[in-house]
There are 2 protein chains.
Amino acid sequence: MALARQRPGMTAAFAMDALCARILERHRDSIKVQKPHLAVPNLTRIIGATLTLSNKHGFHATTLRQLAEASGLSMGGLYTYFDSKPTLLAMILGEVAETVNEVLTAPPADVRQDARKHLHWFIATHVRMSEAMQPWFVFSFMEAKSFPPAERQRAIDMEVMTERIIADIIKQGVAGGVFSVDQVTLTASLIKPLLQDWYVKRAKYRRRGTSIEAYINAVGTFVDAALSAPSRSRTTAGSRSKSRPMAHP
Amino acid sequence: MALARQRPGMTAAFAMDALCARILERHRDSIKVQKPHLAVPNLTRIIGATLTLSNKHGFHATTLRQLAEASGLSMGGLYTYFDSKPTLLAMILGEVAETVNEVLTAPPADVRQDARKHLHWFIATHVRMSEAMQPWFVFSFMEAKSFPPAERQRAIDMEVMTERIIADIIKQGVAGGVFSVDQVTLTASLIKPLLQDWYVKRAKYRRRGTSIEAYINAVGTFVDAALSAPSRSRTTAGSRSKSRPMAHP
DNA sequence: AAAAAAAGAACGGGCGCTCGCTCAGAAAAT
DNA sequence: ATTTTCTGAGCGAGCGCCCGTTCTTTTTTT
């Protein structure tokens with residue numbers, strides 16, 4: 001709520017109601033309730049309960065009875081909002097995929113020219129979006145393996161897309177002489193988990209009092225240093241990799 | 001199999017049989033089968049099937065009937081090896097925790113003195129261990145949220161432990177003037193996900209043909225660069241973080 | 001009054017788990 | 001050496017429960 005006031009444009013767009021209104025739109029045919037003034041609040045409570053319960057016990061382990069209780073609807077009532085449990089899953093995943101796609105592929109004009117600025121924008125935007133939509137991101141990440149094939153493929157495509165964006169920015173920076181990287185794709189795939197850690201291990205960072213600004217800053221510094229480095233200092237790689245077998249003591 | 005020949009000391013210790021023999025030892029009281037020559041192969045098939053099925057559909061979604069079929073035992077036979085489904089979970093988690101603990105806290109003597117070498121050893125060892133025990137690591141990571149409280153706490157402790165080891169190495173390097181880092185704990189927590197990515201997204205790296213040596217090398221280079229950097233070049237942090245709200249186009 | 005929305009009992013099926021049982025092979029008795 | 005007894009390992013139908021889903025009925029809205 002406090003955050004909503006600080007960053008109205010961003011947080012309003014990622015608010016539960018807004019996201020659920022979009023879901024309602026996209027699933028107008030399978031949702032039986034027509035009036036938005038009834039459907040939006042109910043759908044919001046249903047999705048909210050789904051995210052909360054699933055992120056605690058897993059989607060599969062979350063039962064429709066728990067969902068009914070937590071959302072304040074009956075079993076039958078639930079089924080006026082989706083026609084099966086997998087559909088409920090698809091609603092959530094689809095909304096995340098669409099939102100991520102819209103946000104990350106639209107960098108502001110002034111940022112596009114400068115690779116370093118673009119990368120920092122990407123880092124900050126990803127972390128902030130995942131903060132505002134944390135339960136959605138955790139849900140998508142953790143439930144990915146149990147998706148039906150179509151959703152599964154979409155999840156993979158999303159991962160590939162974000163990585164390609166990062167790789168393209170790095171390439172641009174290398175071309176412009178700002179960055180010095182020899183394995184662009186591999187480097188890009190190492191940056192991704194730094195962004196994901198913020199929402200996957202959100203509880204840890206909260207416990208430690210790490211602010212989102214501090215995190216964005218740390219990732220930015222870390223990545224900057226790694227990309228700009230001379231990177232010619234480690235020729236001992238081969239010998240290191242052979243140096244020692246691991247064994248139980 | 002090919003790998004087993006290349007690194008016998010390491011891979012033998014992480015082989016299914018060896019790990020399951022240790023489980024048998026640790027759960028001698030709750031496992032009803034006494035003869036190891038019967039128990040070890042059976043337990044190995046049970047655990048193997050559990051890892052395979054759970055990593056595909058989730059532990060909760062894996063039924064004992066599937067497990068019986070996949071392991072070649074009957075429903076009743078299964079229950080001579082564990083007294084409940086949660087116990088089966090605990091067996092696997094306990095073994096991972098114990099092994100990780102033993103391996104990572106025992107760096108070779110020649111590595112302890114040199115922070116950079118120690119860090120590289122840690123990276124290589126972690127990645128290689130998670131490669132040899134990939135299904136175990138994936139299981140522990142993905143099922144963590146549905147652990148019973150005791151196991152849950154152990155998982156958190158494990159995460160904290162690895163991070164503290166990394167942080168200690170960094171501190172040592174900073175003290176020795178090898179590294180230059182101002183937020184040691186936060187930096188350490190950024191290195192952890194780089195190690196985890198290898199097993200969490202193993203399929204992606206396999207698809208791309210990224211070798212384990214290439215990955216270890218890339219992480220080593222990346223981390224080295226980030227830790228050794230002058231790190232005083234980014235004073236625009238504050239302005240960047242305020243620069244732009246995100247919104248749907 | 002008609003239509004839309006919500007309720008909740010009911011259903012078939014699959015879940016984790018149990019328990020009476022079989023039977024090979026070791027131990028004891030002959 | 002042969003027979004008998006015993007025991008631990010494994011089997012699988014069956015139990016009670018709760019799952020996702022449906023359907024008739026009631027309530028609310030228009």
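Within every chain, numbering begins at 1; the chains are lettered A, B, ... in the order of the sequence lines, protein sequences first and strands thereafter.
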How close or far is atom [atom2] of [N] from atom [atom1] of [X], stated in whole angstroms?
X        : N       : atom1 : atom2 : answer
Leu64(B) : dC15(D) : CG    : P     : 19 Å
Ile31(B) : dA9(D)  : CD1   : C1'   : 14 Å
Asp83(A) : dG20(D) : CG    : P     : 15 Å
Leu73(A) : dA7(C)  : CG    : C1'   : 10 Å
Phe82(B) : dC17(C) : CZ    : P     : 8 Å
His57(A) : dC19(D) : NE2   : P     : 13 Å
Leu89(B) : dG16(C) : CG    : P     : 13 Å
His60(B) : dC18(D) : NE2   : P     : 13 Å

>> Any base atoms under 4.0 Å from Leu78(B), or only sugar-phosphate, or nothing? Heavy atoms, all strands.
In response: nothing
Got a salt bridge between [X] and [Y], using NZ or NE/NH1/NH2 to carboxylate O under 4.0 Å?
X         : Y         : answer
Arg164(B) : Glu159(B) : no
Glu143(A) : Arg152(A) : no
Glu98(B)  : Arg154(B) : no

> Distance from His126(B) atom NE2 to Tyr199(B) atom OH, nearest 0.5 Å?
Replying inline: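 His126(B) atom NE2 to Tyr199(B) atom OH measures 5.5 Å (nearest 0.5 Å).
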Is the phosphate of [N], meaning OP1 or OP2, less than 4.0 Å from a side-chain N or O of [X]?
X        : N       : answer
His37(A) : dT30(D) : yes
Arg65(B) : dG16(C) : no
Thr63(A) : dC19(D) : yes

> Which heavy atom in Leu43(B) sits nearest to a heavy atom in Cys20(B), and how many Å separate them?
Replying inline: CD2-O, 3.6 Å
Might you list the N or O atoms of the protein lying below 3.5 Å from N or O atoms in nucleotides 3-5 of chain C, with each pair's distance?
residue : atom : partner  : partner atom : Å
dA5(C)  : OP1  : Gln34(A) : N            : 2.9
dA5(C)  : OP1  : Lys35(A) : N            : 3.4
dA5(C)  : OP2  : Lys32(A) : O            : 3.2

> Do we see a donor-acceptor contact under 3.5 Å between the side chains of Asp197(B) and Tyr215(B)?
Replying inline: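 Side-chain D/A pair, Asp197(B) to Tyr215(B): absent.
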> Does a side chain donor of either Glu95(B) or Trp136(B) reach within less than 3.5 Å of an acceptor in the other side chain?
Replying inline: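 Judged by distance alone, the side chains do not pair up.
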> Want to settle it: does Gln66(A) or Gly76(A) sit nearer the 5' end of DNA chain D, counting the closest nucleotide to each?
Replying inline: Gln66(A)
Given [options], which nucleotide is nearest the side-chain atoms of [X]?
X        : options                  : result
Tyr79(A) : dA6(C), dT22(D), dT18(C) : dT22(D)
Met75(A) : dC17(C), dG8(C), dA6(C)  : dG8(C)
Ser74(A) : dA6(C), dG12(D), dC17(C) : dA6(C)

